[in-house]
2 protein chains.
Amino acid sequence: MISAMNEREFLKQYDKSAFEQPMFSVDNVVLTLGKGELEVLLVKRGEHPFKDCWGLPGGFVDLEKDQSIESTALRKIKEKTGVEPDYIEQLETIGNATRDPRDWSITTVFTALIAKQRCTPTDENVVLANWFAVSELSAMTLAFDHTKIIQRALKRLRDRATYSLVPCALLGEKFTLSELQKVHELILGKKLEAKVFRRRVENSGQFEETGEMTSGRGRPAAYYRLRSGTDAFNFEFIRTV
Amino acid sequence: MISAMNEREFLKQYDKSAFEQPMFSVDNVVLTLGKGELEVLLVKRGEHPFKDCWGLPGGFVDLEKDQSIESTALRKIKEKTGVEPDYIEQLETIGNATRDPRDWSITTVFTALIAKQRCTPTDENVVLANWFAVSELSAMTLAFDHTKIIQRALKRLRDRATYSLVPCALLGEKFTLSELQKVHELILGKKLEAKVFRRRVENSGQFEETGEMTSGRGRPAAYYRLRSGTDAFNFEFIRTV
DNA sequence: TTAATAGTGTCTCTTAGACATTATCCT
DNA sequence: AGGATAATGTCTAAGAGACACTATTAA
């Protein structure tokens with residue numbers, strides 16, 4: 001009785017090859033701020049393919065534990081860093097017959113930003129998960145297409161840095177505008193005008209002064225934080241071809 | 001001998017549930033221009049779940065035929081419209097335990113734009129695939145989360161219409177600036193200034209006059225086409241929080 | 001001639017960008 | 001006082017928006 005058959009059964013009998021499913025995984029480009037450089041979290045693969053290569057932290061969906069692919073991404077990130085990231089967004093999905101030497105394979109990639117000081121000291125896995133300066137990557141051979149994926153994540157981050165203040169997630173709870181500006185300069189690879197940058201921050205309405213000030217050499221700077229109740233990661237597009 | 005075992009075998013023995021794979025499919029939001037309204041391509045589902053409901057054209061990856069998920073998307077679109085779309089981009093991937101009543105399910109969604117006149121007259125499937133004005137959708141119950149997906153695709157299209165000229169893919173080979181402006185107005189739901197719009201088109205450098213002119217009532221309009229060699233769908237972001 | 005549609009001239013207002021200047025700390 | 005860093009004042013240039021105006025056709 002056809003209508004009692006579920007679609008999976010139906011497809012199995014209808015066309016075996018149409019039912020054969022590709023492998024699906026989630027990969028994360030987790031970025032943080034190193035000393036004067038962006039760093040990306042990599043894990044050493046214990047199994048082949050690409051055994052002993054470094055690759056992005058990720059893995060398969062756990063149909064029992066995970067409610068969504070976002071849950072999978074967060075779970076994997078938490079496994080390696082001890083915490084949830086300060087910002088996460090879906091980058092893109094790559095699926096083709098060649099990226100995995102074994103078989104057809106699909107990965108949905110997330111980009112996450114995390115303030116390094118929030119990460120709990122790495123557990124026994126310390127040699128299995130580590131931060132690498134993005135400039136080191138050109139000298140490394142990563143698993144699968146992970147080098148290309150990281151490049152695409154960095155490009156997206158550069159886009160975000162030009163028209164949003166999302167990169168503030170790389171800093172902690174509070175930060176000065178100079179610090180935030182330096183992060184943007186680091187990402188964009190160029191100097192920004194302090195006046196222009198401050199205007200943007202103020203006009204965004206996404207931040208507020210904490211009231212605290214830095215101390216040290218030079219004029220003290222005001223600390224800012226995300227305005228409570230504001231989703232700082234909603235930003236408006238303004239025009240233009 | 002462990003190292004001779006492939007990862008699939010390994011995972012199977014290591015953790016059965018981690019190997020259990022979710023269903024993966026591709027769905028397409030194919031948009032075209034109806035009479036004064038955007039239309040979306042829907043197909044009537046022949047099998048459950050949501051049997052006899054309208055839903056987005058899509059389906060499973062064919063591991064033999066498809067080189068990538070983009071190939072899957074294009075193949076499915078071609079099956080229903082007879083042609084490849086004029087523009088396609090990946091929208092997002094949705095994967096969770098609840099969107100499919102049967103099981104965990106993942107879909108990568110593509111948004112495609114197509115000039116209606118390019119579509120070959122629908123074949124015997126005419127009642128199985130049809131264009132629906134987007135305004136009709138609120139009165140319809142679509143399969144799965146397809147209503148929400150279409151809304152998200154439309155939002156993305158509105159974004160594109162504000163800072164790119166991608167919507168030109170809804171028109172044919174050649175078009176007048178008035179026509180293109182009307183398309184943008186339709187998508188954005190508001191009037192645009194002719195002068196401003198023309199400036200944008202000219203400054204983009206993506207179009208050129210064909211030399212032909214319209215005839216009919218009123219001053220003739222110049223026809224434009226995509227400048228050859230230009231990827232009109234590359235556009236620059238200009239700033240701003 | 002009039003209605004209709006295409007296309008331009010030009011003014012205003014906003015804002016990015018540049019850069020000089022002021023402010024406030026430490027030593 | 002002098003160096004360092006934070007923050008502001010203010011001028012300029014570019015461009016979006018507004019809208020009046022001109023251009024070219026069919027009826």
Side-chain angles (χ1 to χ4, degrees), chain A residues 36 158-165 168 171 174-225 235-241, chain B residues 36 158-165 168 171-172 174-186 188-225 235-241:
Chain A
R158 282 193 293 273
D159 287 345
R160 292 277 180 258
T162 63
Y163 58 79
S164 88
L165 297 169
C168 74
L171 297 167
K174 61 182 186 186
F175 44 82
T176 69
L177 293 199
S178 296
E179 287 168 353
L180 185 54
Q181 181 179 336
K182 285 198 186 74
V183 171
H184 278 248
E185 290 174 341
L186 182 61
I187 293 169
L188 295 171
K190 66 177 183 187
K191 289 288 174 193
L192 300 176
E193 282 293 321
K195 183 60 189 266
V196 174
F197 190 77
R198 301 178 89 84
R199 265 201 300 241
R200 284 194 197 179
V201 172
E202 281 160 17
N203 292 344
S204 78
Q206 295 173 339
F207 301 93
E208 64 188 5
E209 299 192 34
T210 67
E212 295 162 284
M213 305 287 279
T214 57
S215 67
R217 115 129 111 252
R219 175 174 171 175
Y223 275 115
Y224 286 77
R225 62 171 163 245
F235 39 83
E236 292 297 310
F237 285 115
I238 316 282
R239 35 149 318 147
T240 279
V241 173
Chain B
R158 282 193 294 275
D159 287 346
R160 292 278 181 256
T162 63
Y163 58 80
S164 88
L165 297 169
C168 74
L171 296 166
K174 61 182 187 185
F175 44 83
T176 70
L177 294 199
S178 296
E179 287 168 352
L180 184 53
Q181 180 179 338
K182 285 198 186 73
V183 171
H184 279 249
E185 289 174 341
L186 182 61
L188 295 171
K190 67 177 182 188
K191 289 288 175 193
L192 300 176
E193 281 295 321
K195 183 61 189 263
V196 173
F197 190 77
R198 301 178 90 84
R199 265 201 300 240
R200 284 196 198 179
V201 171
E202 282 160 16
N203 293 343
S204 78
Q206 295 172 340
F207 301 94
E208 63 188 4
E209 298 192 36
T210 67
E212 294 162 285
M213 306 286 281
T214 57
S215 68
R217 117 128 110 253
R219 173 173 171 176
Y223 275 116
Y224 286 77
R225 64 171 163 246
F235 38 83
E236 293 297 309
F237 285 115
I238 316 279
R239 21 160 331 161
T240 278
V241 173

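Lettering follows sequence order; numbering is per chain, from 1. As the structure is a computational prediction, the values presented were derived from the model and not from experiment.
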B:Y224: which of B:E212, B:E208, B:Q206, B:E209 passes side chain to side chain contact (heavy atoms under 4.5 Å, CB included)
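So, applying the side chain to side chain contact (heavy atoms under 4.5 Å, CB included) to B:Y224 and each of B:E212, B:E208, B:Q206, B:E209, only B:E209 qualifies.
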May I ask you to evaluate whether B:S178 reaches the phosphate of C:dT5, defined as a side-chain N or O under 4.0 Å from OP1 or OP2?
no
Under 4.0 angstrom between B:R200 side-chain N/O and D:dG17 OP1 or OP2:
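Result: yes.
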I need the [atom1]-[atom2] distance between [X] and [N], as an integer number of Å.
X      : N      : atom1 : atom2 : value
B:Y224 : C:dA6  : OH    : P     : 12 Å
A:K195 : D:dA13 : NZ    : P     : 18 Å
A:E193 : D:dA6  : CD    : C1'   : 14 Å
B:E209 : C:dA6  : CD    : C1'   : 12 Å
A:Q181 : D:dA6  : CD    : P     : 9 Å
B:F197 : C:dG7  : CZ    : C1'   : 14 Å
A:R198 : C:dG17 : CZ    : C1'   : 16 Å
A:E185 : D:dT5  : CD    : C1'   : 14 Å

Please tell me which of the listed nucleotides, [options], lies nearest to the side chain of [X]?
X      : options              : answer
B:R219 : D:dA7, C:dG7, C:dG17 : C:dG7
A:L177 : C:dA6, D:dC19, D:dA7 : D:dA7
B:A221 : D:dT8, D:dT24, C:dA6 : C:dA6

Report the C-alpha distance between A:R200 and A:S204 in whole Å, list the side-chain angles of each, state the deciding distance to 0.1 Å, and finish with yes or no for side-chain contact (heavy atoms from CB on, under 4.5 Å).
CA-CA 6 Å; A:R200 284 194 197 179; A:S204 78; over 6 Å; no
Between A:P220 and B:P220, which residue's closest nucleotide on DNA chain D lies nearer the 5′ terminus?
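Mapping each residue to its closest nucleotide by heavy atoms, the 5'-most match is A:P220.
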Please name the residue in the list B:E185, B:H184, B:E179 that meets the side-chain hydrogen bond (donor to acceptor under 3.5 Å, both in side chains) test with B:Q181.
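For B:Q181, the side-chain hydrogen bond (donor to acceptor under 3.5 Å, both in side chains) test succeeds with only one of B:E185, B:H184, B:E179, which is B:E185.
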Identify whether any heavy atom of A:A222 sits under 4.0 Å from a base atom; if not, whether one sits that close to sugar-phosphate; answer base, sugar-phosphate or nothing.
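Sugar-phosphate, no base atom in range.
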DNA chain C: 5'-proximal contact among A:M213 and A:R199 (nearest heavy atom):
A:R199
Run the numbers on B:F175 and B:V183 for side-chain contact (heavy atoms from CB on, under 4.5 Å), then give the verdict.
CA-CA 11 Å; B:F175 44 83; B:V183 171; over 6 Å; no
Contact check, side chains of B:R198 and B:V201, non-hydrogen atoms, under 4.5 Å
no
